[in-house]
2 protein chains.
Amino acid sequence: MDLSDHEQSVSMPAGGARRGGSGVPGERRKQRVSMADVARLAGVSSQTVSRVANGHPGVIEATREQVLAAMRELGYRPNSAARALRYGQFNTIGVILFSLSSTGNSRTVEAIATHAAAQGYAITLIPIDVPTQDNVLGAFTRMGELAVDAVIVIMEIHLLDAGTVQLPPGVHVVVVDSDAGDRYSVVDTDQADGARKAVRHLLDLGHRTVWHVTGPGTSYAGQRRTQAWRAVLEEAGRPVPPPLRGDWSAESGYAAGLSLAGEPDCTAVFVANDQMALGLLRALHERGRSVPGDISVVGFDDLPEAAFFVPPLTTVHQDFAEVGRRCVQNVLRQVRTRGGARPGTDLVPTRLVVRGSTAAPRS
Amino acid sequence: MDLSDHEQSVSMPAGGARRGGSGVPGERRKQRVSMADVARLAGVSSQTVSRVANGHPGVIEATREQVLAAMRELGYRPNSAARALRYGQFNTIGVILFSLSSTGNSRTVEAIATHAAAQGYAITLIPIDVPTQDNVLGAFTRMGELAVDAVIVIMEIHLLDAGTVQLPPGVHVVVVDSDAGDRYSVVDTDQADGARKAVRHLLDLGHRTVWHVTGPGTSYAGQRRTQAWRAVLEEAGRPVPPPLRGDWSAESGYAAGLSLAGEPDCTAVFVANDQMALGLLRALHERGRSVPGDISVVGFDDLPEAAFFVPPLTTVHQDFAEVGRRCVQNVLRQVRTRGGARPGTDLVPTRLVVRGSTAAPRS
DNA sequence: GTCCACCATGTTCACGTAAACATCACGCCG
DNA sequence: CGGCGTGATGTTTACGTGAACATGGTGGAC
């Protein structure tokens, strides 16, 4: 396929003298093929072309065919900038997040993109390298200039709340992973319920108490899981062991596992995500503590790989696809009704998946 | 933050009578604040506002301040649709891919987004659910209408080559994971070299030959890894065991592992990615074959978790960030020079990371 | 047969921005 | 002291699209 000089060939519609004279080659080109070009070739007005392009009624079949033929011949494609200008909207949703590297984020984004596409919306990604205030602010400022009708924020919203940051007006917002349900539309996995299921599962198996490896302190999701873990233990009147601080990485889970291996009392652990659970399993394995013989382990996320850990990991399944779906649904409702943010929190349920890493304690 | 009625308040700039009369509320709103609004408040022409907005010289300091103040007061944000229309470009790169779920893809996309942002470009994601011809075509048709100056295709380009599909003219393309270097700009990890390193590492350790678990047959990357594996064995004059077909998933690796556990001759395996290696490790573990004691295993990708497999996985490190960086660099060069595709393949080197899953065979 | 309604199509205009050109005032130089 | 260049700012226009209104021709009803 020859892409090297197509612009020349299409930017000079048949017989078209360059407007404004001066045939300087570097001049700003007339962008591709416009309705006017099609109209000229088809021998109709550009309004008729517009009608055909948008499937409006009131165009006689013969004319329509003629226009379609001209479109094909010239390779006409509508100019979305002009469309957006005309309509005042872009049919695009912005997604602002720290990182795509976490499975949860990338799967959520994927679901968002898929559902948005089904609704005729495109997704614009705004990743933020380092979650500093400045970068967040910068991203939002950029966001304001971006061609975006709405924004989905996948991160802790409090990072935006220093007062100087202002969400651009006229842009609708849905937030994931945050407790800002009183000010924004929030869609999130039901972290607390998931954690409760995990801890109760371990207690039900007969463990006296459950240890815990946390996520990073900055993560709202992590905090909720830790809170729920503590709450379940307290409700059940069990001792609450000191939580081990993790950061979502397998490495931090490994470190936690090394510590736990030295705790003879420990028979059960709830790890705040599967990657840390992987590191923890390895540490326990290295130290000769068997899972689930000596220690039961529950993770969170249900990575596709979790079933293939050694042993297969019991974990809390998150439905990222559903989270993405609801984000899109919610934000598009706002867009379509021209409504503002509707505060409220929409929680997606979790499911405990029991595999081989949990068992009753040795009596 | 009150988002519920901001549009009303900003859509009626001070003293502005609604053009066209009829105050029907549902009417298409004058989109937010325009340069004209700012100009009116600042008491200058809109052209001066434009000059200030774009940092052009030739505006006296006092005037500039006045305009900036008016911008702040009205919360002016430039309209990117109008800008794009005016300039004929969108400052946006489209990324078309099948899935974000694979680590490689999501990390590549992340790098693309980051580097694009640094260059003032946004990223629009076009995921394709099912890699059928129709969907691909649909995506590209949509792409043509999308506000995109260039496209990065992260998939096998031959899926586009059935003749009916036509890349929209005027859109620059870079391809990842494909062998279309003769027609497109291709940026990719040096799959063959990585696979060679893996296989040679095993041979160097003294293994007589190396078994192989492939990726899906449709994957170009997978094919290249398999070809290189075969080539190294043939060059070394070693027997070439029948490859076991995988599909990137841990589950398929597990199945392959179960087969291999029954091959007494097998002392070394090169698995085409880390996730399959995980499944394979578990299968071998289950069947009581020790790694690396009985069988050495090498993966591909170097997931962050690979160091925490049991045992830690020797694998080929892919630099996804670099792939993303080069994609952006390449495609933006095309955009800026208005040049067409520059056929050619840009290979990013790999690195063998030796961990605990490989050792010399038991003699 | 005449008038009018209706339908296909054309014309005008605005969306917000910014390049190109126009204007106007001031100051410097001869 | 007059003319002209220079620099600040205003005016015009085009980018591509599509709603609103205009036009013009045809057929049916009286």
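Order of the sequence lines sets the chain letters (A, B, ...), proteins ahead of strands, with each chain counted from 1.
In this model, the phosphate group of D:dC15 is not approached by any side-chain N or O of A:N79 to a distance below 4.0 Å at OP1 or OP2. Close to C:dC15, at under 4.0 Å from its OP1 or OP2, lies no side-chain N or O of A:Y87. OP1 or OP2 of C:dT9 sits under 4.0 Å from a side-chain N or O of A:T63. For the OP1/OP2 pair of C:dG16 and a distance below 4.0 Å, the side-chain nitrogens and oxygens of B:R83 include no atom meeting the criterion.
Counting heavy atoms from C-beta outward, B:Y121 and B:D149 have side chains that approach closer than 4.5 Å. Put simply, the side chain of A:L332 reaches to within 4.5 Å of the side chain of A:I93, judged on heavy atoms. Taking 4.5 Å as the limit, every side-chain heavy atom of B:V38 sits out of range of all side-chain heavy atoms of B:M35. No side-chain heavy atom of B:V148 sits under 4.5 Å from any side-chain heavy atom of B:I126. In this structure, the side chains of A:N54 and A:R83 come closer than 4.5 Å at one or more pairs of heavy atoms.
Between the C1' atom of D:dG16 and the CE atom of A:M71 lies a distance of 13 Å, rounded to the nearest Å. Computed from coordinates, the A:D37 CG to D:dG16 C1' distance equals 10 Å when rounded to whole Å. A:Q66 places its CD atom 13 Å from the C1' atom of C:dA8, with the value rounded to the nearest Å. Rounding to whole angstrom units, CZ of residue B:F90 and C1' of D:dG16 are separated by 10 Å. Rounded to whole angstrom, the span from the CZ atom of B:R51 across to the C1' atom of C:dC21 amounts to 11 Å. Rounded to whole Å, atom P of C:dG16 lies 11 Å from atom CZ of B:R40. Protein atom NE2 of B:H56 is 17 Å distant from nucleotide atom P of D:dG7, rounded to whole Å. One interatomic measurement links the two molecules: CD of B:Q89 to C1' of C:dA18, which rounds to 14 Å at whole-angstrom precision.
For A:R86 and C:dG16, a side-chain-to-base donor-acceptor distance below 3.5 Å is absent, hydrogens and geometry of angles not being considered.
Both B:V59 and B:A82 lie close to DNA chain D; mapped to their nearest nucleotides by heavy-atom distance, the more 5′-ward contact belongs to B:V59. Taking for each of A:E61 and B:A53 the nucleotide of DNA chain C with the nearest heavy atom, the 5'-most of the two is the partner of A:E61.
In the set C:dA18, D:dT17, C:dG10, C:dA18 carries the atom at the smallest distance from any side-chain atom of B:M35. Listed candidates were D:dG10, C:dG16, C:dT11. Nearest to the side chain of B:L85 is C:dG16. Across D:dT11, D:dT17, C:dA18, the shortest atom-to-atom separation from the side chain of A:P78 is found for D:dT17. Distances were taken from every side-chain heavy atom of A:Q47 (C-beta onward) to each of D:dT11, C:dC15, C:dT11; the shortest belongs to C:dT11.
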_For A:Q334 and A:V174: C-alpha separation, side-chain torsions, deciding distance, then whether side chain to side chain contact (heavy atoms under 4.5 Å, CB included) applies._
CA-CA 9 Å; A:Q334 291 185 37; A:V174 165; 3.7 Å; yes
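Among the heavy atoms of the strands lying under 4.0 Å from B:T48 are primed sugar atoms or P, OP1, OP2 only; no base atom is included. Counting any heavy atom pair closer than 4.0 Å across all strands shown, B:V49 reaches no nucleic acid atom.
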